[in-house]
Every structure is written in C-alpha cells, then in structure tokens.
S.K.: 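Could you have a look at this structure, given as structure tokens, before my questions?
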Amino acid sequence: MTGHDRQWELNRLNFEGRWCGTSRWYERSATGVLDVSEASAVIEGTSYAISFSDSDTGLWDGSGLRFAPDGRRQLPLSRATYNRGGQCWQFRGAAGQSSLAVDGQQPRFGHEVNMFWGRSRSMLVLLYAPLGSAPGESPGWRLQSLGVVPFRCGLAPEPDPPRPAASDWRALLGEQEGWPGELERLEPNRWPAVDPAPQPCEPFRNSRFSRNSLTAGFDDGLVCSLPEQLPEGAFELQVGCRLDADHFRQVSLIYDSQQRLTAWELRRFRRP
C-alpha cells in the first residue's frame, strides 16, 4: 500500500456515513466586528451523505450548505483523483483540508477540521479573507468567518448524545492542565504508507494552546485559538475538541516564516 492509498483508506474510514446536524456561522459584520458568542446564520438540517460503491469510488452529497448554489452540491470521489492538490489530510479519527500557503492570488485562506468519536463528527471551518493593501504590497489577512457543525451519523442504530458546548473554554482548558498525551505528525505531500506510531508529547498546557489573539469555544466541545489577523511571519492555528470527560484531541496547523504549511500535528490527551 502506498501513502496515497493509506490516505484514501483513512478518508473512507473517517468520513463514510450520513452526517446530519445544525450548522452555525459566525461572520464578521459590515462594521468589521466578529462576534463569536452569537451565530449570525443558522442552517437547520445540514447533511453530508458520503458513500462508497466500491473500494475505489464514492459520492459526496451535501445539502444545507452555506456557500453552494441552493445550498446543495455533489462531488464524485475516487481513489485515482483523491487529494491531487495535497490539501487533504487524514489521521485516524481526525481529518480535514487546509490551504497550503498564504497566497495573495487566492480569494481566501481556509481550513476544515473534523474530529471523529464514535459516530460523531465535530466540524470547524475557518475562513480568512484578504484586507485591502496599497499597490505592490502583500495584503493582510483577517479571520472572516467560522462555521461549526456538530454532526451525528444518521446510519447509526442510535445517535450519539450531544456533548456540552465549550462556551466556558477557560474552565475546559484549565481542567485539562497537565493531562498526558501522544503526538502524531503529517507533512504535506509526504504521506506514510503505514500509520506512524504515536510518540509521547509534553502534557497539555492551556497557555500554549490559547496563546493566539482569539480563543473561543463552540458546540460539541469544540474550541480554537487563532490569530484574528495573520502575522507577517510564522504562526500556528489550534483546534481542539473535548470528546468526553476524559479525552481531548488537538490539531495544530503549523506555518513557517514563509507562511507555508509545514505540518499537521495531532495530539491526543487523556485524563490521568
């Protein structure tokens, strides 16, 4: 099995299902304010039906979407064409897609992060938009919107119960201080054929997770720490999810001084 094949298999393992939930979008207002305490748009009945007809072929069928015509879109899936751009990434139980660099030629700098637990899928979407700039200057980038969906799989015999919101993120992160964890790491376009063995990592530190200018908690135990405006050099984006009383999962998106993605890091913390 090649690294590409392993990423495809993890894609099937993680995403296959009929994922249903209510999506909430937190968007910057016309006056430039981003209020993460109250959603500016709520879409009931968001659904991502992801099925595979055989080991090489599938279909992504979405409805209740924020940015698609009539809120619907279908995409064919195949092993042969999967992840040609290298933006998709898969761990067992955590996956998504990421812009590989901050690029002024693109209309947005965006990410989708999914945390899977049982038949639950907690999704956070982050979209940065360019700010105006003088001719010849690189534009700055500001967080424009966040989308949060607490999905449950409609194919499960019984739906997983809802998890408490992480609205009091300070208390949630503080409770986890010192929890031991393990680290897995992926680098763009260097896909391992075999899942690397998790390595011990430093215990969870609230101060390290929440060191960006914006830290916020949302439905389904989701929490993130982000620069509200991207710096000119290196930076990290942090997304976490309290999966139950004893487990917290953290994905770090790491960009170098040239603002190119160097790694996705997954940390799995557990109450001692």
Side-chain angles (χ1 to χ4, degrees), residues 1-21 46-62 65 73-100 110-125 149-157 159-160 181-201 220 222 239-241 243-244 247-254 261-270:
M1 178 182 291
T2 67
H4 170 85
D5 288 331
R6 181 54 183 159
Q7 286 286 294
W8 168 254
E9 294 300 326
L10 286 171
N11 176 54
R12 293 184 57 201
L13 179 67
N14 285 327
F15 283 100
E16 186 169 17
R18 188 171 72 240
W19 303 103
C20 306
T46 297
S47 175
Y48 291 5
I50 303 170
S51 58
F52 295 88
S53 54
D54 55 53
S55 62
D56 297 317
T57 309
L59 178 68
W60 185 97
D61 185 1
L65 309 180
R73 191 180 185 190
Q74 285 189 343
L75 295 171
L77 306 172
S78 75
R79 183 191 298 266
T81 60
Y82 174 70
N83 202 18
R84 280 181 171 172
Q87 295 178 313
C88 298
W89 49 274
Q90 306 282 341
F91 297 97
R92 184 182 289 269
Q97 52 186 320
S98 304
S99 293
L100 298 178
H111 303 270
E112 177 191 308
V113 178
N114 297 274
M115 307 285 195
F116 300 89
W117 186 252
R119 296 309 293 159
S120 300
R121 171 187 172 190
S122 305
M123 185 178 80
L124 182 67
V125 176
V149 191
F151 285 118
R152 297 296 182 268
C153 182
L155 303 180
D160 287 353
E182 293 183 325
L183 168 68
E184 299 173 50
R185 179 182 171 95
L186 288 174
E187 298 178 3
N189 296 310
R190 297 182 63 182
W191 312 118
V194 178
D195 297 348
Q199 301 298 313
C201 65
D220 230 23
L222 282 164
V239 178
C241 189
L243 303 168
D244 63 14
H247 297 84
F248 182 78
R249 195 169 290 166
Q250 174 182 341
V251 170
S252 302
L253 311 173
I254 303 171
L261 182 65
T262 61
W264 298 275
E265 292 186 346
L266 172 64
R267 289 172 173 82
R268 305 176 194 265
F269 295 102
R270 184 171 183 172

S.K.: Do E184 and R249 sit within salt-bridge range, that is, some charged N less than 4.0 Å from a carboxylate O?
M.R.: no
S.K.: Quick check: do R185 and P196 have side-chain heavy atoms less than 4.5 Å from each other?
M.R.: no
S.K.: Can you see which heavy atom on A263 is nearest to which on P188, and at what distance?
M.R.: N-CD, 4.2 Å
S.K.: At what distance, to the nearest 0.5 angstrom, does CG of L155 lie from CD1 of I50?
M.R.: 11.0 Å
S.K.: Check for a donor-acceptor pair, side chain of N114 on one end and backbone N or O of A94 on the other, with a separation under 3.5 Å.
M.R.: no
S.K.: Sequence neighbours excluded, which residues qualify as side chain to side chain donor-acceptor pair (under 3.5 Å) partners of N11?
M.R.: Q90
S.K.: So does G62 get a backbone contact from the side chain of R73, meaning a donor-acceptor N/O pair under 3.5 Å?
M.R.: no
S.K.: In the structure I gave you, are the side-chain heavy atoms of S98 and Q87 within less than 4.5 Å of one another anywhere?
M.R.: no
S.K.: Can you tell me how far apart CZ (F91) and CG (L266) are? Round to the nearest 0.5 Å.
M.R.: 5.0 Å
S.K.: Looking at CG of L59 and OG of S53, how far apart are the two atoms once the value is rounded to the nearest 0.5 Å?
M.R.: 8.5 Å
S.K.: Compare every heavy atom of A95 with every heavy atom of N14, then report the nearest pair and how far apart it is.
M.R.: ND2-CB, 3.7 Å
S.K.: Taking C-beta and beyond as the side chain, do R119 and W19 meet within less than 4.5 Å on heavy atoms?
M.R.: yes
S.K.: Test your reading of the model: is there a side-chain donor-acceptor pair from D61 to the backbone of A49, 3.5 Å cut-off?
M.R.: no
S.K.: Applying side chain to side chain contact (heavy atoms under 4.5 Å, CB included), name anything that partners E9, two or more places apart in sequence or on another chain.
M.R.: M1, R6, R12, R79
S.K.: In terms of ring plane angle, is the pair W8 and F52 parallel, tilted or perpendicular, where the classes change at 30° and 60°?
M.R.: perpendicular
S.K.: Between M123 and Y48, what is the shortest heavy-atom contact and its length?
M.R.: CE-OH, 3.7 Å
S.K.: For P198 and E182, work out which heavy atoms get closest and say how close.
M.R.: CB-OE1, 3.6 Å
S.K.: Please work out whether the ring planes of W264 and W191 are parallel, tilted or perpendicular, with thresholds of 30° and 60°.
M.R.: parallel
S.K.: Rounded to the nearest 0.5 Å, what separation is found between the CD atom of E187 and the CD atom of E265?
M.R.: 9.0 Å
S.K.: Look up atom OG1 in T262 and atom CG in L100, then write down how far apart they are to the nearest 0.5 Å.
M.R.: 11.0 Å
S.K.: Which pairs pass salt bridge (Lys or Arg N to Asp or Glu O under 4.0 Å) with one or both residues in residues 86-98, sequence neighbours excluded?
M.R.: none
S.K.: Within this structure, what is the CG-CG distance for the pair D5 and L10, rounded to the nearest 0.5 Å?
M.R.: 11.0 Å
S.K.: Which atoms form the tightest heavy-atom contact between G86 and N189, and what is the distance?
M.R.: CA-OD1, 3.7 Å
S.K.: With a 4.5 Å cut-off on side-chain heavy atoms, are F248 and R267 touching?
M.R.: no
S.K.: Name all residues meeting the ring pair (Phe, Tyr, Trp, His ring centres under 6.0 Å) criterion together with H247; count only those two or more places apart in sequence or in a different chain, and write none if there are none.
M.R.: W117
S.K.: Just to verify, what does F269 make a ring pair (Phe, Tyr, Trp, His ring centres under 6.0 Å) with, not counting sequence neighbours?
M.R.: F204
S.K.: I want to check something: taking the side chain as every heavy atom from C-beta on, are P192 and L186 in contact at a cut-off of under 4.5 Å?
M.R.: yes
S.K.: Between W89 and V251, is any pair of side-chain heavy atoms under 4.5 Å apart?
M.R.: yes
S.K.: Evaluate side chain to side chain contact (heavy atoms under 4.5 Å, CB included) for R268 paired with L243, printing each intermediate quantity in order.
M.R.: CA-CA 10 Å; R268 305 176 194 265; L243 303 168; over 6 Å; no
S.K.: Is there a side-chain contact between S47 and R18, using heavy atoms and a 4.5 Å cut-off?
M.R.: yes
S.K.: Taking only residues two or more places apart in sequence or in another chain, which ones pass side chain to side chain contact (heavy atoms under 4.5 Å, CB included) with V239?
M.R.: V113, M115, L124, L126, C224
